[in-house]
2 protein chains.
Amino acid sequence: MRQIYTTMEEQQYTYKYPRPAVTTDCVVFGFDGRELKVLLIERGNEPYKGCWAIPGGFLNMDENATQGALRELAEETGLILEHIKEFGAFTEVGRDPRDRVISIAFYALAKKSDVKGGDDAAKAQWFGLNEVPRLAFDHDQMLRKAMQKLKEDIHFEPIGFDLLGDTFTMPELQRLYEAILGVQFDRRNFYKKMMQTGILDEVDEEPRPIAFFGSHHEMRKMSIDALFDANPFPSRSDDDSRRRKGTLFTFNKQRYEKFKEEHNFRLEF
Amino acid sequence: MRQIYTTMEEQQYTYKYPRPAVTTDCVVFGFDGRELKVLLIERGNEPYKGCWAIPGGFLNMDENATQGALRELAEETGLILEHIKEFGAFTEVGRDPRDRVISIAFYALAKKSDVKGGDDAAKAQWFGLNEVPRLAFDHDQMLRKAMQKLKEDIHFEPIGFDLLGDTFTMPELQRLYEAILGVQFDRRNFYKKMMQTGILDEVDEEPRPIAFFGSHHEMRKMSIDALFDANPFPSRSDDDSRRRKGTLFTFNKQRYEKFKEEHNFRLEF
DNA sequence: GCAAAAGTGTTTCGTTTACACCCATGC
DNA sequence: GCATGGGTGTAAACGAAACACTTTTGC
């Protein structure tokens with residue numbers, strides 16, 4: 001948070017008209033095979049010290065909002081993501097008790113393999129969506145809006161795949177959709193609909209692919225196994241007993257692009 | 001623009017960290033019975049002096065983004081609207097050549113009867129979507145994104161009705177949907193789909209209702225006729241020959257609310 | 001009276017939904 | 001061997017799309 005400016009702390013910035021401070025926040029969703037999780041951080045400073053909050057922080061002058069949100073996310077939680085989606089600005093006058101602060105809000109979807117434990121992430125923790133504590137600022141509202149947007153977006157974009165590993169089974173995918181949308185699907189109909197999009201490839205055996213993670217500029221390679229060993233999904237890793245059973249699939253991005261063209265950019269469920 | 005602060009021009013505002021300036025912009029769509037229009041203003045100041053732009057301006061410290069956008073819209077175009085919809089933040093570092101400025105963007109739909117001519121609106125003008133000139137800043141991009149959002153939203157919300165008068169005929173409504181979505185519908189199927197939503201009421205004869213307009217705090221009443229006489233839709237008012245033919249309908253907001261509940265908040269077309 | 005647009009029902013087709021049994025795996 | 005979850009096809013219902021002729025209005 002604001003680390004870039006620690007060497008300038010004595011410097012002052014003066015403007016003719018008052019300006020709100022601008023922050024970015026990023027709601028990160030994860031999936032443990034059973035329910036949706038959200039990644040929160042415990043605030044170390046006032047206001048709302050000790051309270052849980054959506055990761056985020058002040059926008060730097062040399063980055064756009066997306067870059068700012070990704071940077072803050074990496075700093076505060078250790079998560080290195082590529083795709084986040086803006087879903088709204090939060091601009092009520094009194095939303096920060098100290099100062100006028102507006103926030104540009106994003107949501108993101110994290111695979112298990114994106115989770116990097118330890119160090120920076122010491123104060124970051126996953127919460128089931130029904131166990132979320134009272135959040136700082138207007139972050140309750142922000143979380144609700146993010147969930148709503150996620151529900152809407154998943155009808156038209158295969159964003160759900162970002163929440164699963166590189167390979168997944170059809171029941172896993174179905175459980176994910178059911179968790180996000182809060183409804184139950186008939187297994188056979190779900191299979192059919194998914195398969196007839198043509199964006200899924202059947203995989204004969206688990207490929208144990210290479211995953212990338214590390215800091216923004218220095219990427220390291222390591223096997224999925226090492227990632228899992230180093231950073232098991234925090235709670236209920238016994239849920240893994242629900243996984244790795246049945247036919248494996250993988251998401252075919254190329255065919256998805258083609259699919260989008262043909263179907264007027266709609267993928268419905 | 002910034003009028004609230006004209007008495008403080010000598011005052012300076014100092015912060016420990018640099019802050020972007022925050023503006024709001026509002027893309028206003030109108031409909032002349034044939035094609036979609038967008039309301040633009042000609043800039044009187046640098047940068048982009050003389051260039052057309054989406055109405056907007058700096059956010060005041062005592063208003064949220066929605067209030068700021070509505071205020072700027074009223075100041076710059078004379079339009080007093082109630083509902084605008086945020087569709088994104090524009091935050092690229094170099095989007096304003098002078099300073100770091102981020103903008104929160106809205107779109108709005110204006111009925112003919114919302115158009116208030118003269119005075120403030122001297123430099124505001126409607127453009128057909130194919131006649132839009134090169135716009136200031138990143139406003140081309142902003143306009144494209146607004147159109148895209150409008151297209152998406154109209155599938156699920158009856159926002160189209162805001163573009164028509166209090167009463168309208170079915171062909172008018174159909175032309176509007178066709179203009180927004182860029183497709184052609186079968187007349188009979190369109191009738192059926194609209195009527196089976198139950199959100200339209202048939203009106204026997206034109207009710208000549210009372211309309212409200214004026215400044216934010218001092219509302220005046222006048223008849224629709226006087227409004228039309230004073231402020232005909234700028235271009236092609238001969239398009240009115242396409243109107244007032246056939247059965248009149250009006251939008252039933254109450255039934256729409258009920259409809260939303262029953263249909264899981266979806267209104268598809 | 002002629003041209004242009006409004007009004008109206010039915011059939012066809014495709015999509016969505018509902019539904020049941022066998023198989024593989026883990027305990 | 002029993003319980004749990006995975007895998008598969010078909011029939012019925014529903015909603016979307018295609019389609020033509022008569023009536024009204026404006027010139």
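All values derive from a computational prediction rather than experimental measurement.
- Between P171(A) and Q196(B), the residue whose closest nucleotide on DNA chain D is further toward the 5' end is P171(A).
- Per the geometry, CZ belonging to R175(B) stands 12 Å off C1' belonging to dA4(C), to the nearest Å.
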Tell me, for nucleotides 18-27 of chain C in 5' to 3' order, what letter each nucleotide earns: B for a base near a protein heavy atom under 4.0 Å, S for only sugar-phosphate near one, - for neither?
BBB-------
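- Put simply, the side chain of E86(B) gets close to the backbone of A89(A): a donor and an acceptor are under 3.5 Å apart.
- Cation-pi geometry between K145(B) and F90(B) is satisfied (NZ or CZ under 6.0 Å from the ring centre, within 45° of the ring normal).
- Just one of F31(A), F249(A), F251(A) meets the ring-ring contact (aromatic ring centres under 6.0 Å, His included) condition when paired with F161(A); it is F251(A).
- With respect to D166(B) and K111(B), no salt bridge is recorded, no charged nitrogen being found less than 4.0 Å from a carboxylate O.
- Checked against the 6.0 Å centroid criterion, the rings of F190(A) and Y177(A) qualify as a close aromatic pair.
- No donor-acceptor pair closer than 3.5 Å links the side chain of E76(B) to the backbone N or O of A124(B).
- Listed pair T247(B) / dG7(C) meets the phosphate criterion, a side-chain N or O lying under 4.0 Å from OP1 or OP2.
- Residue Y191(A) places no side-chain N or O under 4.0 Å from the OP1 or OP2 atom of dT8(D).
- Separating the CD atom of Q184(B) from the P atom of dA18(D) is a distance of 12 Å, rounded to the nearest angstrom.
- Atom C1' of nucleotide dG7(C) and atom CE of M195(B) are separated by 12 Å, given to the nearest angstrom.
- One atom, CZ of F185(B), and another, P of dT8(C), lie 20 Å apart when rounded to the nearest Å.
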